[in-house]
Amino acid sequence: MSGTLYIIGTPIGNLEDITLRQLRILGEVDFIAAEDTRVTRKLLSHYKIHTPTMSYHEHSGHTVAQQIVQRILEGQSCGVVTDAGMPCISDPGEPLVQLCQAQGISITVVPGPSAVISALAISGQHTARFTFEGFLSVNRNQRMVHLEQLRQETRTMVFYEAPHKLCRTLRDLEAVFGGEREISLCRELTKLHEEVYRATLSQVVAFYENTPPKGEFVLVVAGCVPEKASEISVDTAVQLVQDRVACGEKLTTACKEIAAQTGISKRELYAQMQSHEKAEN
């Protein structure tokens, strides 16, 4: 009988952000596939866990993934972890999961902290609808094509960025989205020097040109507000709310988001929706 692949979240900075279940599974699996075994070993040592580890990262290739799958097929259980947060999101764990699914291997998630969700929660930006864009390409042409595709994106956008590339990325964001677009830079989440700097793109570009960035960043960028929002009719705005509610969004949240996009008051949208419901009944 084949074993199980466990997708195990780990702390994104503070070692106390770990669950009892994560600790138990990390100690029970036969081996751990880690992005960087040195980083993972620090976590395991802190909690006196002695499970063997093996290296599995973006440069490991298909052969290493196949070796992991073979060990699981032979009955061993494997925990896959990243250096910080949930594995398999913008992470080499993704193809491993796909290989295991193709082989009919049991896959279980052991959830933990996520930098994306943590940054959204603390950003002060709209959070009901968002898009995760990960790391932008180091190739400028590819990077600019990516950003151009997001020029009219109305959802909040989340990016990851390393400190040595931050200024370049901020300048590109400003060039495409405009200097007045709001952004929240979430730095060193859950760590001692955690901070959120919310400002316009032009303000953060000016700030970091004179202040060397330090630490890992999550960039939470406000979505695009249509330039002619004031010309949208109440009926059209109500239809937008109805569309969101039909997709499962809460009425109050939908009214708040559409009000922010159109300039029509949340109270009016809510009242219109209540009137429509009464008329239908």
Side-chain angles (χ1 to χ4, degrees), residues 2-121 132 134-135 158-162 186-192 194 215-218:
S2 65
T4 299
L5 177 70
Y6 292 92
I7 311 300
I8 307 173
T10 54
I12 60 176
N14 192 318
L15 290 183
E16 293 181 359
D17 294 333
I18 196 162
T19 68
L20 294 175
R21 184 181 177 216
Q22 288 166 356
L23 291 173
R24 177 174 62 81
I25 298 297
L26 286 169
E28 289 179 352
V29 293
D30 293 297
F31 69 103
I32 296 169
E35 181 180 9
D36 186 329
T37 55
R38 295 166 300 180
V39 173
T40 298
R41 183 51 57 192
K42 290 179 182 178
L43 173 67
L44 298 179
S45 297
H46 182 80
Y47 287 103
K48 297 179 174 56
I49 296 171
H50 306 290
T51 304
T53 60
M54 67 172 290
S55 180
Y56 177 62
H57 49 74
E58 61 179 330
H59 304 297
S60 296
H62 188 73
T63 302
V64 176
Q66 287 282 19
Q67 291 172 354
I68 295 172
V69 170
Q70 186 58 41
R71 291 178 66 175
I72 297 173
L73 288 173
E74 292 171 357
Q76 296 185 51
S77 58
C78 171
V80 60
V81 299
T82 186
D83 289 349
M86 283 300 297
C88 310
I89 309 296
S90 280
D91 179 82
E94 178 184 348
L96 179 60
V97 169
Q98 293 168 349
L99 281 172
C100 287
Q101 285 182 336
Q103 293 290 336
I105 290 171
S106 174
I107 305 172
T108 298
V109 66
V110 187
S114 163
V116 176
I117 301 303
S118 299
L120 275 167
F132 173 57
F135 285 99
V158 184
F159 302 87
Y160 285 159
E161 197 50 279
C186 305
R187 188 179 76 86
E188 296 290 87
L189 290 171
T190 77
K191 300 178 184 178
L192 180 62
E194 173 184 284
E216 298 299 317
F217 288 82
V218 182

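What you see is a predicted model; the values in this text were computed from it and never measured. When a residue number appears, it is its place in the shown sequence, counting from 1.
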- Query: About how many Å separate NE2 of His46 and CG of Leu23, when rounded to the nearest 0.5 Å?
  - Reply: 9.5 Å
- Task: State, to 0.1 Å, how close Ala115 and Leu189 come at their nearest heavy-atom pair, and which atoms those are.
- Result: O-CD1, 3.8 Å
- Message: Can you confirm whether the side chains of Gln70 and Glu74 place a donor and an acceptor under 3.5 Å from each other?
- Response: yes
- Given side chains that start at C-beta, do those of Arg24 and Val110 come closer than 4.5 Å, heavy atoms only? no
- Can you name the nearest heavy-atom pair linking Gly3 to Ile105, along with the distance? O-CG2, 3.9 Å
- Query: Under a 4.5 Å cut-off applied to non-hydrogen side-chain atoms, are Gln22 and Thr10 in contact?
  - Reply: no
- Look at the side chain of Thr51 and the backbone N and O of Leu26, then say whether any donor-acceptor pair between them is shorter than 3.5 Å. yes
- Test item: Tyr56 and Glu35 side chains (from C-beta on) under 4.5 Å apart, heavy atoms: no
- Note on the structure: side-chain contact (heavy atoms from CB on, under 4.5 Å) with Val116: of Val218, Val158, Ile12, only one passes, and it is Val158
- Item | Any residue meeting side-chain contact (heavy atoms from CB on, under 4.5 Å) with Ile89, in chain and number order, not counting sequence neighbours | Phe132
- Message: For a 4.5 angstrom cut-off between non-hydrogen side-chain atoms, does Val39 reach Leu43?
- Response: no
- Rounded to the nearest 0.5 Å, what separation is found between the OG1 atom of Thr53 and the CZ atom of Phe31? 11.0 Å
- Item | Thr108 (side chain) donor-acceptor with Tyr6 (main chain) under 3.5 angstrom | no
- Query: When rounded to the nearest 0.5 angstrom, what distance separates CG in Leu5 from SG in Cys78?
  - Reply: 5.5 Å
- Side chains of Asp36 and His57 in contact at under 4.5 Å (non-hydrogen atoms): no
- When rounded to the nearest 0.5 angstrom, what is the spacing between CG in Leu15 and OG1 in Thr190? 9.0 Å
- Task: Could you tell me which non-hydrogen atom of Arg21 sits nearest to which non-hydrogen atom of Pro111, and how far apart they are?
- Result: NH1-CD, 3.8 Å
- Query: How long is the span from the OG1 atom in Thr37 to the CD1 atom in Ile32, to the nearest 0.5 Å?
  - Reply: 11.0 Å
- Minimum heavy-atom distance Leu96-Ala65, with the two atoms named: CD1-O, 3.9 Å
- Item | Closest heavy-atom pair and its distance - Val80, Cys88 | CG1-SG, 4.5 Å
- Return the set of residues passing salt bridge (Lys or Arg N to Asp or Glu O under 4.0 Å) with Glu94 (not counting sequence neighbours), or none when no residue passes. none
- Glu188 side chain vs Glu216 backbone, donor-acceptor pair below 3.5 Å: yes
- Contact summary for Arg41 and His50, nearest pair of heavy atoms: NH1-CA, 4.2 Å
- Message: To the nearest 0.5 Å, what is the distance between CD on Gln103 and CD1 on Ile72?
- Response: 10.0 Å
